[in-house]
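Everything below concerns the one structure shown next.
Both backbone and side-chain heavy atoms feed into the values below; hydrogens, waters and symmetry mates do not. Numbers for residues simply follow the sequence, beginning at 1.
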Amino acid sequence: MKLLTIDTETAGLAPASGTGVCDIAIACVDEDFQVYWKIESLIDPECEISPQAMGVHHITQEMVWDQPTLEEFMRTHRYPLSDVDVIVGHKIDFDIRFVRDYLPERFEIIDTLKLSRHLWPDAENHKLQTLRYTFGLDAGSAHRAMGDVITTISLARHICEAADTDARGLLQLMSVPLPLTTRISFGKHKGERLCDLPLNYVRWLVDKADIEPSLREALAVRL
């Protein structure tokens, strides 16, 4: 089973049309989340980097103007993505939207965001950097691609220890929907349990294109 962890930083804070990748990191790991190959690169996003995005990752236009485009990078380093079985990441659906064209048709995912919600439902929040400091995880530079990859791998190991399992066990846990006692972390109903949300708000969330798949899956039970 070939697993890799991936993270991207982007020119905008949402995967909208015209928003490109400006930083990418990939690490291949074994089933115990030990790294055996990794690569990172700044990327020419082929568009302007928004000031809001720069405020998060501190990557400026001057830093990327002479870097490879994502297509050039993937053509040169196609090895890690072409035959992957499992992709690991924190809120990984965001990153997959940007690299989907370079992935095989079928693969599985391990989303450390969903798994963290399963294991620690009462955490202050489930953001990667919050969990980093909560559990004292190994970490790199926050909000840069390789730093987030290192932190995500450390979080995956911590989840394995807490659940007494390995990557195959995490894949099984990924198939279990979030409980309706999960608390929503955004919006006007922030902090409320999914089972207590008004039905009209549930319908609105389920129809949102950018809602996290694990939340959509859990909320759909109520409709």
Side-chain angles (χ1 to χ4, degrees), residues 1-10 14-15 21 23-40 70 74 77-121 123 125-129 131-132 137 145-163 165-179 182 185 194 205-206 208-221:
M1 185 168 67
K2 182 177 176 182
L3 301 95
L4 64 79
T5 308
I6 188 167
D7 187 80
T8 60
E9 300 297 333
T10 59
V21 171
D23 188 20
I24 190 167
I26 302 168
C28 293
V29 297
D30 62 21
E31 293 182 25
D32 293 317
F33 294 98
Q34 300 301 317
V35 178
Y36 63 86
W37 187 91
K38 63 183 179 179
I39 192 169
E40 64 180 313
L70 184 61
M74 289 298 186
H77 303 287
R78 186 157 180 77
Y79 155 71
L81 275 73
S82 59
D83 60 349
V84 63
D85 299 305
V86 182
I87 298 179
V88 185
H90 199 77
K91 197 178 179 181
I92 190 59
D93 59 297
F94 178 89
D95 302 284
I96 286 174
R97 294 181 199 184
F98 289 99
V99 299
R100 186 65 186 89
D101 290 346
Y102 307 98
L103 296 170
E105 182 177 349
R106 299 179 64 181
F107 55 88
E108 297 182 273
I109 66 169
I110 292 175
D111 188 346
T112 53
L113 173 60
K114 178 180 179 178
L115 297 177
S116 297
R117 284 177 168 152
H118 264 298
L119 269 66
W120 304 293
N125 64 59
H126 297 88
K127 295 177 181 178
L128 182 61
Q129 297 305 319
L131 296 170
R132 163 190 175 178
L137 303 174
M146 184 54 77
D148 285 352
V149 161
I150 292 169
T151 308
T152 298
I153 292 170
S154 182
L155 175 58
R157 287 196 210 105
H158 189 70
I159 292 171
C160 284
E161 292 172 5
T165 190
D166 59 8
R168 293 183 186 273
L170 297 191
L171 282 172
Q172 293 179 352
L173 187 56
M174 280 295 300
S175 67
V176 180
L178 290 174
T182 301
S185 60
L194 299 184
L205 283 175
V206 168
K208 278 178 62 67
D210 59 348
I211 190 173
E212 295 160 29
S214 61
L215 287 179
R216 178 181 286 110
E217 176 188 41
L219 288 168
V221 174

**Report entry** Check: Leu219 and Leu194 side chains under 4.5 Å, non-hydrogen atoms
**Finding:** yes
Requested in this report: Please test Gln129 against Asp148 for side-chain contact (heavy atoms from CB on, under 4.5 Å), starting from the C-alpha separation and ending with a verdict.
Outcome: CA-CA 9 Å; Gln129 297 305 319; Asp148 285 352; 3.2 Å; yes
Query raised in the report: Is there a side-chain contact between Val149 and Lys38 (heavy atoms, below 4.5 Å)?
Result: no
Report task. Ignoring hydrogens and angles, tell me if any N or O in the side chain of Lys114 forms a donor-acceptor pair with the backbone of Val176 under 3.5 Å. Result -> yes
Report task. Determine whether Ile87 and Asp95 make a side-chain contact, defined as any pair of heavy atoms from C-beta on separated by less than 4.5 Å. Result -> no
Query raised in the report: Crowded around Gln172 CD? As in, over 12 foreign heavy atoms under 6.0 Å?
Result: no
Query raised in the report: So do the side chains of Ile96 and Ile109 get within less than 4.5 Å of each other, counting heavy atoms only?
Result: yes
Query raised in the report: After noting the C-alpha distance and the side-chain angles of Leu171 and Ile110, does the key distance pass the side-chain contact (heavy atoms from CB on, under 4.5 Å) rule?
Result: CA-CA 6 Å; Leu171 282 172; Ile110 292 175; 3.7 Å; yes
Report summary line: All heavy atoms of Ile159 vs all of Ser116, minimum pair found to be CD1-OG, 3.9 Å
Query - Shortest non-hydrogen contact from Trp120 toward His126 - result: O-NE2, 2.7 Å
Query raised in the report: Do side-chain atoms of Arg100 reach the backbone of Glu105 as a donor and acceptor pair under 3.5 angstrom?
Result: yes
Query raised in the report: Does a side-chain heavy-atom distance below 4.5 Å link Leu170 with Phe33?
Result: yes
Requested in this report: Decide yes or no for Lys127 and His90: does some side-chain heavy atom of the first lie under 4.5 Å from some side-chain heavy atom of the second?
Outcome: no
**Report entry** Check: Arg117 and Pro179 side chains under 4.5 Å, non-hydrogen atoms
**Finding:** no
Query raised in the report: What are the two closest heavy atoms between Lys91 and Asp111, and how far apart are they?
Result: N-OD1, 2.9 Å
Report task. Looking only at non-hydrogen atoms, find the nearest pair between Phe98 and Leu70 and report the distance. Result -> O-CD2, 3.5 Å
Query raised in the report: Can you tell which of Ile150, Leu131, Leu115 makes a side chain to side chain contact (heavy atoms under 4.5 Å, CB included) with Leu155?
Result: Leu131
Requested in this report: Heavy atoms only: give me the nearest Cys28-Lys2 pair and the separation to one decimal.
Outcome: SG-CE, 4.3 Å
Query - Heavy-atom pair of closest approach, residues Ile24 and Thr8 - result: CG1-CG2, 4.1 Å
Query raised in the report: Are the side chains of Ser185 and Asn125 in touch, meaning some heavy atoms are under 4.5 Å apart?
Result: no
